[in-house]
Colleague: 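Take this structure, written in structure tokens, and hold onto it; I'll ask about it next.
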Amino acid sequence: MSKNLTKRAEDYSKWYNELVVKADLAENSGVRGSMVIKPYGFAIWEKMQAELDRKFKATGHVNAYFPLFIPKSYFSKEASHVDGFAKECAVVTHYRLKNADDGSGIIVDEEARLEEELIVRPTSETIIWDTYRNWIQSYRDLPILINQWANVVRWEMRTRLFLRTAEFLWQEGHTAHATRQEAEEETRMILDLYADFAEGFMAMPVIKGVKTESERFAGALDTYCIEALMQDGKALQAGTSHFLGQNFAKAFDVKYATREGKEEYVWATSWGVSTRLMGALIMTHSDDNGLVLPPKLAPFQVVIVPIYRGEDELEEINIKVSEIKQSLEQAGISVKYDNRDTHKPGWKFNEYELKGVPLRIAIGPRDLKNNSVELARRDTLQKEVVSMDGLIAKVLDELEQIQTNLYKKALDFREANMYPVDSWDEFLEVIEKKGGFAVAHWDGTAETEERIKQETKATIRCIPLKGEKEEGKCIRTGKPSTGRVIFAKAY
RNA sequence: CGGGGUGUAGCGCAGCCCGGUAGCGCGCUGCGUUCGGGACGCAGAGGUCGUGGGUUCGAAUCCCGCCACCCCGACCA
């Protein structure tokens, strides 16, 4: 068993950090709050990217790229936007270094101060809307449906691998529309796209909802989100889609001529998911033995481990495996054959379990004789000896079952940890003891929301879109409420 | 930014209180035996003790400064 991994029950946070490092996903770098994403971790991110990119393009979006640096003045144009991001911006002030006169090393050349400071983008609305102004004159120029894959920097006080790093990778969509309705539809459509991705690919159930005013994106009229529940009972915001109204069009003076020849401001949306999804993926499925990956995101879905004594046996197995590997690959399955002689089978079993490979095939002399292989599932840790005949169909079937099973397990967990609560005591019980989502009535005021946050650290994760109209009383103030919202402690 | 902690071999740590030959485990290299759940034996390699100063005959160890990272808060995707 994996002797070196801290158990979740012992110290969840430590378990997470160790897992990220030991599964070879990422590590801390010499740069404060910034991580190195290692090849295995990056391969998973690339899988996410590929599918998201496909989905964006299938819905009419195209990719483009905007500058990393944003002039400071752009930032101040949209008031609430600057308020939201000012406290966490990295600022470039100089463009040159020089050798210190006293020989003490390299120093910033004070003479090379920039006339206007550049902000390292924490998000790109401002630079993009400044650009869109020149692209849009007429209703014929709309809509603009652009996505950008990029890195952004937010100078967070405290960072954690994948969940909150100073620099992170993401995609940000920025669309421009002629009408409010069209922009709102785009916002909702992207929300659905994100939810489909989370559930269909990451096997991670999410709740679609809308943020309260105080949790809204800086500069948005509405922020929609998908919220997931992690195994420790904390919520994680997995993606957001913002309806920006005409705020940025007004701030950057982006107008278009309507069919009737009238001048109107353009309607905007923006939306994004980040490498934080990696954290979500890890904390949704993984166990005390290590990472558990849904087949749709695994860098390789099947690993084959040979069991042999001596060169001759290995040679025989190599021949058999290359046949199997080829036919698996023809069926669209990604396969790694690890016949390194430098590690023993037991070591490899543990290694690939730690790395979350969905299916493992072990093949030894016994199997060659019996025309069989040993098939082991990562999600259930169950092993079975199966015939080589029909192996491809069996593997395809197992992979599908793993994907489905992971989703179901995560969904069951979430359902079991969603508590409708109707009193303050029940609320505290959920937030402070049980963990999970407390589904409760709220009087709709920012004051009460803030008060609850101060008292319990729980925030309103979202007002669920599926929520039914239901008369009730706010759990904190007893004032009337028209529907339940979701409270939780969050990452 | 406030509180706490840690910097000693690639990794994890001991040594520091009480100054005097720099150590352990894992990993690494070589050879041999092993190989169906993290093998074993033998032989090896590897260190400006974070950094700058001070005290001392002598500093990983004592004193002062600095830097970095980690954890807990406030901030946040």
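Order of the sequence lines sets the chain letters (A, B, ...), proteins ahead of strands, with each chain counted from 1.
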Colleague: Taking N or O atoms only and anything under 3.5 Å, show me the protein contacts with nucleotides 25-33 of chain B, one pair per line.
Modeller:
none

Colleague: Suppose we define a pair by two distances each less than 3.5 Å, Watson-Crick or G-U wobble; what does rG41(B) pair with here?
Modeller: rC31(B)
Colleague: Tell me which of Pro306(A) and Ala238(A) sits closer to the 5' end of RNA chain B, going by the nucleotide each one is nearest to.
Modeller: Pro306(A)
Colleague: Show me the pairs that pass salt bridge (Lys or Arg N to Asp or Glu O under 4.0 Å) and involve residues 37-55 of chain A, at least two apart or across chains.
Modeller: Asp24(A)-Lys38(A), Glu27(A)-Lys38(A), Glu51(A)-Arg54(A), Glu51(A)-Lys55(A), Asp53(A)-Lys57(A)
Colleague: Taking side chain to side chain contact (heavy atoms under 4.5 Å, CB included) as the test, write out the residues that go with Glu374(A), two or more places apart.
Modeller: Arg360(A), Ala362(A), Lys383(A)
Colleague: So, under a plain 3.5 Å distance rule, would you say the side chain of Lys383(A) forms a donor-acceptor pair with the base of rG37(B)?
Modeller: yes
Colleague: Out of rC71(B), rG38(B), rG36(B), which nucleotide sits closest to the side chain of Trp347(A)?
Modeller: rG38(B)
Colleague: Near RNA chain B, which residues from residues 146-156 of chain A have a heavy atom under 4.0 Å away?
Modeller: Arg154(A), Glu156(A)
Colleague: Checking Arg366(A) now: which residues fulfil side-chain hydrogen bond (donor to acceptor under 3.5 Å, both in side chains) with it, not counting sequence neighbours?
Modeller: none
Colleague: What pairs with Phe427(A) under ring pair (Phe, Tyr, Trp, His ring centres under 6.0 Å), at least two apart in sequence or on another chain?
Modeller: Trp424(A), Phe487(A)
Colleague: For Trp170(A), enumerate each residue passing the ring pair (Phe, Tyr, Trp, His ring centres under 6.0 Å) test, keeping only those at least two apart in sequence or located in another chain.
Modeller: Phe168(A)
Colleague: Roughly how many Å is it from CG in Asp338(A) to P in rG38(B), rounded to a whole number?
Modeller: 16 Å
Colleague: NZ of Lys38(A) versus P of rC11(B): gap in Å, rounded?
Modeller: 12 Å
Colleague: Which residues, if any, of residues 359-372 of chain A bring a heavy atom under 4.0 Å of RNA chain B?
Modeller: Arg360(A), Ala362(A), Gly364(A), Pro365(A), Arg366(A), Asp367(A)
Colleague: Decide whether Tyr12(A) and Asn17(A) meet the rule of one side-chain donor and one side-chain acceptor closer than 3.5 Å.
Modeller: no
Colleague: Kindly write out the residues that satisfy side chain to side chain contact (heavy atoms under 4.5 Å, CB included) with Gln382(A), not counting sequence neighbours, or none if the list is empty.
Modeller: Thr380(A)
Colleague: Decide if the gap between the ring center of His242(A) and the ring center of Tyr224(A) is smaller than 6.0 angstrom.
Modeller: no
Colleague: How would you list, by chain and number, every residue that makes a side-chain hydrogen bond (donor to acceptor under 3.5 Å, both in side chains) with Glu313(A), sequence neighbours excluded?
Modeller: none
Colleague: Under the side-chain hydrogen bond (donor to acceptor under 3.5 Å, both in side chains) rule, collect the residues that match up with Asp287(A), sequence neighbours excluded.
Modeller: Arg378(A)
Colleague: Which residues pass the side-chain hydrogen bond (donor to acceptor under 3.5 Å, both in side chains) test with Glu450(A), not counting sequence neighbours?
Modeller: Gln454(A)
